[in-house]
Amino acid sequence: MAQLDLVIENGRIIDPEAKTIEQRTLGISKGKLIRVSTDEPIEARERIDATGCYISPGWIDSHVHVFKDGTEPGFAADLALIPMGVTAAIDGGSSGTGNWASFKREIVDRSIIPIFYSVNVSRSGQITEFYPENVDPAAYDVEALRTIFMEDAEHARGLKLRYGAEVVAGFSDNVLDKALALADELGCSITVHVTNPPCPMEEIVEKMRPGDLLCHIYQGKGSTIIDDDGQVKRAVFEARERGVYFDSADARINHCYHVIRPAIKGGFLPDIISTDMTKNGLFHNMCWGLPVVLSKWLNLGVSLLDVIAACTVNPAAIHRLPDGIGTWKEQARANLTIFRVEKHPFHLQNRMGETFDGTQMILPQVTIINGIVRWKSLSFPF
């Protein structure tokens, strides 16, 4: 075997597709994952000893707002996310047709982290948290949207609609129907924000098509996924059976423990765990970032395998990410996260006034993107 660029030894490899955790050696060459055998000596330019650590496919934060300087909530993706173990991100509709070109040029094309994105149905995207964007179907620019999906098929992942009562107020009651029809016309999926919905939650989930995604699914304002008897509504399970996906997208206000706990008890776990991170939630105890959100779900009783699947293989498959991102496939892009799970008490308080205390923390140690070590914790041996 030719000399490899990097070999990682002695770590516990989490394979969320095979649902296994086993110790083995990983090889990287020319930015790709390479199958290696320990039956013979392995030559490498660099070696990492991951003793005491887990290694997973690189984490994906599937709902962030990283249109820095183009929107008020946007933050610097590389600066914030790489030290969190994040190796790919999906922007949740920060840009629309009116400012997409700037978003693509300044953020997508210039970031170390691969940035994928949903395009907001609003022409202006989500430029501020102080007032809602204009989601009037009469203002859709269908041809501009079609051009975006043709010109940037690599990164554009579908449409985004915030379907909250405060967002759709003043428009007709067919905003969701029109957005779904638009997605049909464009041949793409749609991500629908359901915090504080303008109608019963079951009416929304019943309209979703296979491949569509509902985010903030554990929100607690207005109608929720929980019925009057404390059970997950049947329509929600039926939507999952139909091929609809569900993203926690926790944020500061888009999760409630009185919804999360009965949902977990009823066997309704998120397909994706993400943050919905903005600059105002970054490093604060309402959300902080992906390691804390993952740790919260671990402390809520979700298995480590399921937690890691929800930020790797699941979002990669649901959002159809290229190059083997989020997997251990041979010749996949070598994006990896090395981390520890340690006793580490933490305290969270969301904007609903609820608190949560955890005892175990998932702590990133090394972030590798395209085979290059982009960040190491000072506590990791060097």
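The structure displayed is predicted, hence computed values, not measured ones.
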>> Can you tell me how far apart SG (Cys256) and CZ (Arg351) are? Round to the nearest 0.5 Å.
In response: 11.5 Å
> Are the ring centres of His193 and Tyr163 closer than 6.0 Å?
Replying inline: no
> Run the side-chain contact (heavy atoms from CB on, under 4.5 Å) check on Tyr117 and Ile107 step by step: do they pass?
Replying inline: CA-CA 11 Å; Tyr117 56 88; Ile107 307 301; over 6 Å; no
Only pairs under 3.5 Å count here: list side-chain donor-acceptor contacts from residues 307-323, not counting sequence neighbours, and write none if there are none.
from   : atom 1 : to     : atom 2 : distance (Å)
Thr312 : OG1    : Ile308 : O      : 2.6
Asn314 : ND2    : Asp271 : O      : 2.9
Asp323 : OD2    : Arg333 : NH2    : 2.6

> Taking NZ, NE, NH1 and NH2 as the nitrogens, is one of them in Glu106 or Arg110 under 4.0 Å from a carboxylate oxygen of the other?
Replying inline: yes
> Taking side chain as C-beta onward, heavy atoms only, is Ile28 less than 4.5 Å from Ile34?
Replying inline: no
> Of the options Lys221, Glu166, Gln219, which is the one that meets Asn196 in a side-chain hydrogen bond (donor to acceptor under 3.5 Å, both in side chains)?
Replying inline: Glu166
> Which one of Thr367, Ile112, Ile325, Asp61 satisfies the side-chain contact (heavy atoms from CB on, under 4.5 Å) criterion with Thr87?
Replying inline: Thr367
Ignoring hydrogens and angles, write down the donor-acceptor pairs under 3.5 Å from the side chains of residues 62-70, residues two or more places apart or on other chains.
from  : atom 1 : to     : atom 2 : distance (Å)
His63 : NE2    : Asp276 : OD1    : 3.1
His65 : ND1    : Ser94  : OG     : 2.9
His65 : NE2    : Asp276 : OD1    : 3.1

>> Check Arg234 with Glu241, please: is the shortest side-chain N to carboxylate O separation under 4.0 Å?
In response: yes
>> Please enumerate all residues that pass side-chain hydrogen bond (donor to acceptor under 3.5 Å, both in side chains) together with Asp184, with sequence neighbours excluded.
In response: Arg209
> Applying ring-ring contact (aromatic ring centres under 6.0 Å, His included), which residue pairs with at least one partner in residues 356-377 are found, sequence neighbours left out?
Replying inline: Tyr257-Phe356
>> Taking the ring of Phe339 and the ring of Trp59, is the distance between their centroids below 6.0 Å?
In response: yes
> Should Ile13 and Phe380 be counted in the same cluster of Ile, Leu, Val, Met, Phe, Trp and Tyr side chains packed under 4.5 Å apart?
Replying inline: yes
> Should Val232 and Ile226 count as side-chain neighbours, where that means a heavy-atom distance under 4.5 Å?
Replying inline: yes
>> Between Glu133 and Lys160, does any NZ, NE, NH1 or NH2 come within less than 4.0 Å of an OD or OE carboxylate oxygen?
In response: no
>> Looking only at the side chains, is there a donor atom on one of Trp100 and Asp152 sitting less than 3.5 Å from an acceptor on the other?
In response: no
> Under a 4.5 Å cut-off applied to non-hydrogen side-chain atoms, are Phe246 and Ile225 in contact?
Replying inline: no
> So, do Val175 and Pro137 sit near enough that their side-chain heavy atoms are less than 4.5 Å apart?
Replying inline: yes
> Are the side chains of Arg162 and Gln126 in touch, meaning some heavy atoms are under 4.5 Å apart?
Replying inline: yes
> When rounded to the nearest 0.5 angstrom, what distance separates CG in Asn350 from CE in Met286?
Replying inline: 7.5 Å
For residues 19-26, dump all side-chain donor-acceptor pairs below 3.5 Å to protein atoms at least two apart in sequence or in another chain.
from  : atom 1 : to    : atom 2 : distance (Å)
Glu22 : OE2    : Arg24 : NE     : 3.4

> Considering all heavy atoms of both residues, which atom of Arg12 and which atom of Gly52 are nearest to each other, and what is their separation?
Replying inline: NH2-O, 3.3 Å
> Measuring from Asn370:CG to Ile368:CD1, what's the distance to the nearest 0.5 Å?
Replying inline: 11.0 Å
> Hey, does Phe283 have a side-chain heavy atom less than 4.5 Å from the side chain of Met84?
Replying inline: yes
> Is Val373 reachable from Ile82 through a run of I, L, V, M, F, W or Y residues, each pair having side-chain heavy atoms under 4.5 Å apart?
Replying inline: no
>> Once rounded to the nearest 0.5 Å, what's the spacing between atom CG of Leu214 and atom CD1 of Ile190?
In response: 10.0 Å
> Is the shortest distance from a Lys or Arg side-chain nitrogen in Lys104 or Asp109 to a carboxylate oxygen in the other one below 4.0 Å?
Replying inline: yes
> Given the rule in the salt bridge (Lys or Arg N to Asp or Glu O under 4.0 Å) test, do Glu238 and Lys233 qualify, once you have shown the distances and angles that lead to the verdict?
Replying inline: CA-CA 9 Å; Glu238 290 172 351; Lys233 293 174 178 175; over 6 Å; no
> Among Val167, Val121, Leu182, Asn120, which one satisfies side-chain contact (heavy atoms from CB on, under 4.5 Å) with Leu161?
Replying inline: Val121
>> Can you pull out every salt bridge (charged side-chain N to carboxylate O under 4.0 Å, His left out) where at least one residue sits in residues 371-382? Sequence neighbours excluded, please.
In response: none
>> Rounded at 0.5 Å granularity, tell me how far CG in Asp141 sits from OG in Ser122.
In response: 11.5 Å
